[in-house]
Amino acid sequence: MRAHLIYEEDTPKFQALLDGVWHLNDKIDLEMRLLHKNGHYIPVLIRGSVGIDKDGMLVMYCVIVDISEQKRIIQELELEKERYDLLVQASNEIIFDVDVLPEHIAWSPLYRRIFGFEPFGKLASESAPPLKSDADKNIDVISAFIHKIIAEKHSDSEELLLSYANGEQHWFRIRANCIIKKETVIRLVGKLDNIDAEMLEKEKLQECIRIFRSRNKVQQELEALFLLAETCKKENNTAEEIAAIEQGMKLAELADDPVWKFHLYNYLSDMYLRKYDMLKFIKNQALANQSIKEMNTDELDPFTLTLLGKSYLYTDQLAKAETLLTRLKTSVSQQHIYYTDICRLLGITYFKQRDGKTPQQKLKAALASEKDSSHCFTCSSMLAFCQDQLGNEEETQYYKEQALRFDTARRGGYKALEFYKLCIDLARRNGNREEETFFTQKMTDQYERMVKELNEQTRGRKPLKDICAFRTKTNTMHISALIS
């Protein structure tokens, strides 16, 4: 009986437990495999101690704990670590992985090939004296960034001027995502990207702005300021991004140019939506629409009309959005630069009107030529919704997997939450508890990111304690969830 109950390889150690010499209050701790009622062996932990029975004899008092779930999690973590190590070593990017305790940094081989220095495995001390060699200076500035991330407990990016072994200096953007457990940063994963071309472009734009300003070239200066804001957006430099748009706004006011005011207010609106500041988002949407309300739409260019169609969507004016975007789609060729945007927005309009069949053609057309991962996520997730409404399980699963490929959680915002809700619902219907738990965690992580983003914008004021602090029941919020 016992040989059948206990996994064959574990029988000797169980026998050794029984044959051992034991004393009162000795602790028992043995891991082995036992036969489960469904016919397969599971890992268990036998824990207990030695006591005395009523006859004064030494006896073992033990409990058997099923540890199969813990074992599964450990194995998955080990496998994931192996996969990640392989990915880092094979990567064509400069990737780094920091274990905070014990402190250790792993780098992809590209660090050595790009900089000409051996990758460092330890951070420089925050109180260390100034370093002299170029290799040490790189360690110093990268370490300072990582120390800041650990102290502030949130993911971030920064521009760094780093040295090569030949003495050249180059601009890099360092990004790091932090993994937090029990309010402590336990790990950082990030990468370094060369941004020399981007910084050169920024310098040229700033020089162009100075020249245009000195020569009173208002339109050219507005265009350069708009491009500068886009560059600052890539750098995640919100302060300079806002400053560029505000300068543009002053110029547009002085020139009394309603179209430029519309574009700039629209830009600010999208920026605040990206930051989850719904009050400023709504305010700038209203100001954008106010600025061109007296204009005939026939006077507007395709880009402005596309933005106007998106604005109608933001403000739940679906009939206006459909009319404008349908007319616009027929007036431009399929090769037009904004054709994909028009198809996507038109598909979203039909989707919001709850027409299960109509949006698919437009969303598929947009997805076929879309390059932006965020827009690909939007189209794929909506197609998954449409197929689910039509009862097409295979197609639903296909577009769900497509959406996951393009899942940009850090900038997914409300649309990511809507998609995770669908995934949770699908998992529940299929009785897949593991997948339900996975997407519930992703939704929780997204809420936490949004709260953290808002708290960073409201430093000095009372921090948000609950997601309810910025959720609203307005249609405007619901629509922004799907088209941001």
Side-chain angles (χ1 to χ4, degrees), residues 1-89 97-106 121-123 125 146 150-151 153 177-189 424 427-428 430-445 448:
M1 172 68 178
R2 191 173 64 208
H4 174 70
L5 176 65
I6 300 170
Y7 191 69
E8 187 176 352
E9 291 179 9
D10 294 339
T11 302
K13 61 182 178 182
F14 182 67
Q15 190 62 51
L17 173 73
L18 298 180
D19 296 341
V21 178
W22 297 96
H23 303 92
L24 184 63
N25 297 325
D26 280 353
K27 301 300 179 187
I28 298 165
D29 197 337
L30 176 67
E31 188 178 315
M32 57 189 296
R33 286 159 286 187
L34 296 180
L35 186 68
H36 193 273
K37 64 180 182 180
N38 63 11
H40 69 271
Y41 287 94
I42 61 169
V44 299
L45 186 64
I46 298 175
R47 306 192 79 167
S49 61
V50 178
I52 300 175
D53 67 6
K54 61 181 180 180
D55 299 321
M57 301 290 291
L58 288 178
V59 293
M60 295 178 181
Y61 294 102
C62 298
V63 295
I64 299 175
V65 181
D66 180 356
I67 58 169
S68 52
E69 182 63 15
Q70 292 94 317
K71 280 283 186 184
R72 184 189 66 78
I73 291 170
I74 289 169
Q75 287 170 356
E76 284 186 1
L77 286 172
E78 288 173 349
L79 182 60
E80 188 63 30
K81 181 72 167 64
E82 287 177 16
R83 286 173 179 161
Y84 182 76
D85 287 344
L86 287 171
L87 177 66
V88 169
Q89 292 305 312
D97 185 349
V98 183
D99 281 323
V100 178
L101 289 172
E103 186 186 293
H104 174 71
I105 309 174
K122 294 284 184 184
L123 297 176
S125 170
I146 292 173
I150 294 170
K153 299 180 184 178
N177 294 330
C178 56
I179 299 167
I180 299 173
K181 188 175 182 181
K182 294 182 180 178
E183 299 186 1
T184 302
V185 178
I186 61 168
R187 188 177 172 195
L188 292 171
V189 179
I424 291 167
R428 282 176 183 161
N430 295 324
N432 190 332
R433 290 294 302 277
E434 190 175 345
E435 193 164 284
E436 181 185 343
T437 302
F438 173 75
F439 284 108
T440 300
Q441 185 60 52
K442 284 183 79 73
M443 179 177 280
T444 302
D445 292 343
E448 288 176 352

Colleague: For Asp66, what residues pass the side-chain hydrogen bond (donor to acceptor under 3.5 Å, both in side chains) criterion, not counting sequence neighbours?
Modeller: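 Listed in chain order: Ser68.
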Colleague: Can you name the residues that form a side-chain hydrogen bond (donor to acceptor under 3.5 Å, both in side chains) with Glu9, not counting sequence neighbours?
Modeller: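 Here no residue qualifies.
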Colleague: What are the two closest non-hydrogen atoms of Tyr41 and Leu5, and how far apart are they?
Modeller: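 In this case the closest contact between Tyr41 and Leu5 is CE2-O, 3.6 Å.
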Colleague: Give, for atom CD1 of Ile105 and atom CG of Asp97, the distance between the pair rounded to the nearest 0.5 Å.
Modeller: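 Answer rounded to 0.5 Å: 9.5 Å.
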Colleague: If you look only at distance, which donor and acceptor atoms sit under 3.5 Å apart when one is on a side chain in residues 42-61 and the other is two or more places apart or in another chain?
Modeller:
| unit_1 | atom_1 | unit_2 | atom_2 | d |
| --- | --- | --- | --- | --- |
| Asp53 | OD1 | Asp55 | N | 3.0 |
| Asp53 | OD1 | Gly56 | N | 3.1 |
| Asp53 | OD1 | Met57 | N | 2.8 |

Colleague: List for me each residue that meets side-chain hydrogen bond (donor to acceptor under 3.5 Å, both in side chains) alongside His36, sequence neighbours excluded, and say none if there are none.
Modeller: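 Once residues adjacent in sequence are excluded, the partners of His36 under the side-chain hydrogen bond (donor to acceptor under 3.5 Å, both in side chains) criterion are Asn38.
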Colleague: Looking at residues at least two apart in the chain, or sitting in another chain, which of them share a side-chain hydrogen bond (donor to acceptor under 3.5 Å, both in side chains) with Thr440?
Modeller: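 side-chain hydrogen bond (donor to acceptor under 3.5 Å, both in side chains) check on Thr440 returns nothing, list empty.
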Colleague: Locate the shortest heavy-atom distance separating Val189 from Arg187; write the atom from each residue and the value.
Modeller: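 Minimum heavy-atom separation between Val189 and Arg187: CG2-NE, 3.9 Å.
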Colleague: Side chains of residues 26-33: which donor-acceptor pairs under 3.5 Å do they make with residues two or more places apart or in other chains?
Modeller:
| unit_1 | atom_1 | unit_2 | atom_2 | d |
| --- | --- | --- | --- | --- |
| Asp26 | OD2 | His23 | N | 2.7 |
| Glu31 | OE2 | Lys71 | NZ | 2.7 |
| Arg33 | NE | Asp10 | OD2 | 2.9 |
| Arg33 | NH2 | Asp10 | OD1 | 3.1 |

Colleague: Roughly how far apart are Phe439 CZ and Thr444 OG1, rounded to 0.5 Å?
Modeller: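 Reported value, rounded in 0.5 Å steps: 13.0 Å.
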Colleague: Under the side chain to side chain contact (heavy atoms under 4.5 Å, CB included) test, which residues partner Val100, sequence neighbours left out?
Modeller: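 Checked Val100 against side chain to side chain contact (heavy atoms under 4.5 Å, CB included); matches are Ile150, Val185.
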Colleague: If the condition is salt bridge (Lys or Arg N to Asp or Glu O under 4.0 Å), which residues does Glu103 pass it with, not counting sequence neighbours?
Modeller: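 Once residues adjacent in sequence are excluded, Glu103 has no partner under the salt bridge (Lys or Arg N to Asp or Glu O under 4.0 Å) criterion.
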Colleague: Go through the structure and list residues passing side chain to side chain contact (heavy atoms under 4.5 Å, CB included) with Arg428, not counting sequence neighbours.
Modeller: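 Once residues adjacent in sequence are excluded, the partners of Arg428 under the side chain to side chain contact (heavy atoms under 4.5 Å, CB included) criterion are Ile424, Glu436.
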